[in-house]
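For reference, the structure discussed in these notes is given below.
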Amino acid sequence: MRRLFTADDAAAMGYSRAALRWGERAGRWQRMDRQVYLDGPEPPDDIDRARARVLAARTVARGRLAGVLHELDAVTLTGPPSRRGAYPSGHVVRVAGIPCVDGHQTMVDLAAVLDDPTWEQALESALRKRLTSVEAMEAALPDLGRARMPGTTRMRRVLEARPTGAPPTESLLETLMVQLARGIDGVPDPTRQHTVTGAGGAFVARLDLSWPDLGLFVELDGQQHKDQPVYDARRETAVVAATGWLPGRFTWREVAHLPATTSRRLAALAQQAGRRPAREPAAGWDAARGPTPRGRGRQRGRR
């Protein structure tokens, strides 16, 4: 984000009022609001303006702005503002150059203005960034309930739906898929970041989402780099060889923009996986390295 500074900051760096006015004329910075300045001549965006208002008012960023500054999934400045009020001392940090409530307090504030799915998406990213924890959120519920804080019921509802001990999702796409799967009858909560090993305990892969009891796993394709499709194909082959599970692959467009179609596909995969007998890796196969010496001997014998 572009640097914001106040006239007091400039004075501390040795800039006089005349130097500030010269910098404005020269396009080095621009005055935003009550002696708050923004680097560069380019027009400010909505986040720049919101940050400038916080500095000008000598207050603390809360709610949606705090969520954006902490880079929480799915949080934007658009929508009703967060409820203002007191917050516990010790919950203020500095983000992008301005005072801001910490990640835990931000999640409390956002519960009052976001719907359940969006708050859950923000929560998973806050957990991923270690800005708060499930235990801290659960511990806050009794006090928030007694204070009749808006959003307390939402927090409790989302936390109760979350599998006990599950790690955070690793991306917004993963969170969206977890939410989508939750709405499909007969499909339980997926296991997150399941590690697959081959013969001898050799690491094969860590799966985005899987259903070990069904013998099913899915891989999620976000933005890909040049060699990603080839790598993904090899990885999927190795996982199938190691587990015998049924694979599925879904893109961002399918999950985010075609949820009904994607739900039907996932439901069909789950039904198909449930009809398959449990399978073990083929004898003489190491999923990480290919045929073992015993397996290679068998292959030569067949020739």
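Heavy atoms only: backbone and side chains are in, while hydrogens, waters and symmetry mates are out.
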Could you go through Y15 and W22, starting from their C-alpha distance and side-chain angles, then the distance that decides it, and tell me whether this counts as ring pair (Phe, Tyr, Trp, His ring centres under 6.0 Å)? CA-CA 10 Å; Y15 288 97; W22 173 86; 9.0 Å; no

Cluster companions of V255 among Ile, Leu, Val, Met, Phe, Trp, Tyr (side-chain spacing under 4.5 Å):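 Joined to V255, directly or through intermediates: L172, L173, L176, M177, V178, L180, I184, V187, L209, W211, L214, L216, V218, L220, L246, F250, W252, L266, L269.
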
For the atom pair [atom1] ([X]) and [atom2] ([Y]), what is the distance rounded to the nearest 0.5 Å?
X    : Y    : atom1 : atom2 : value
H194 : T243 : NE2   : OG1   : 8.0 Å
H104 : T132 : NE2   : OG1   : 5.0 Å
L141 : E138 : CG    : CD    : 7.0 Å
M107 : S125 : CE    : OG    : 7.0 Å
L207 : T191 : CG    : OG1   : 9.5 Å

Going by heavy atoms in the side chains, are [X] and [Y] under 4.5 Å from each other?
X    : Y    : value
H257 : T251 : no
Y37  : L20  : yes
Q35  : T6   : no
L144 : M155 : yes
V54  : V60  : no
F217 : P190 : no
L110 : L72  : yes
C100 : H70  : yes

Using a strict 4.0 Å threshold on nitrogen-to-oxygen distance, state whether [X] and [Y] make a salt bridge.
X    : Y    : result
R265 : E254 : yes
E236 : R249 : yes
R58  : D8   : yes
E42  : R2   : yes
R162 : E124 : yes

Does [X] reach the main-chain N or O of [Y] with its side chain, forming a donor-acceptor pair under 3.5 Å?
X    : Y    : answer
Q105 : V92  : no
T262 : L258 : yes
D48  : D45  : yes

Taking only residues two or more places apart in sequence or in another chain, which ones pass side-chain contact (heavy atoms from CB on, under 4.5 Å) with D116?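 Testing D116 for side-chain contact (heavy atoms from CB on, under 4.5 Å), a comparison that skips the adjacent residues, returns R154, R157, V158.
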
Test side-chain contact (heavy atoms from CB on, under 4.5 Å) applied to R49 - qualifying residues, sequence neighbours left out: M32, P44, D46, R53

Trace of the side chain to side chain donor-acceptor pair (under 3.5 Å) decision for T106 with D109: CA-CA 5 Å; T106 297; D109 291 347; 5.6 Å; no

Where R192 and P163 come nearest, the two heavy atoms and their spacing: NH2-CD, 4.0 Å

Parallel, tilted or perpendicular, as decided by the 30° and 60° cut-offs, for the rings of W29 and F5: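 Perpendicular: the ring planes of F5 and W29 meet at over 60°.
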
Set out, in order, the CA-CA distance, both residues' side-chain angles and the distance that settles side chain to side chain contact (heavy atoms under 4.5 Å, CB included) for E170 and Q193, then state yes or no. CA-CA 8 Å; E170 294 190 324; Q193 291 99 57; 3.4 Å; yes

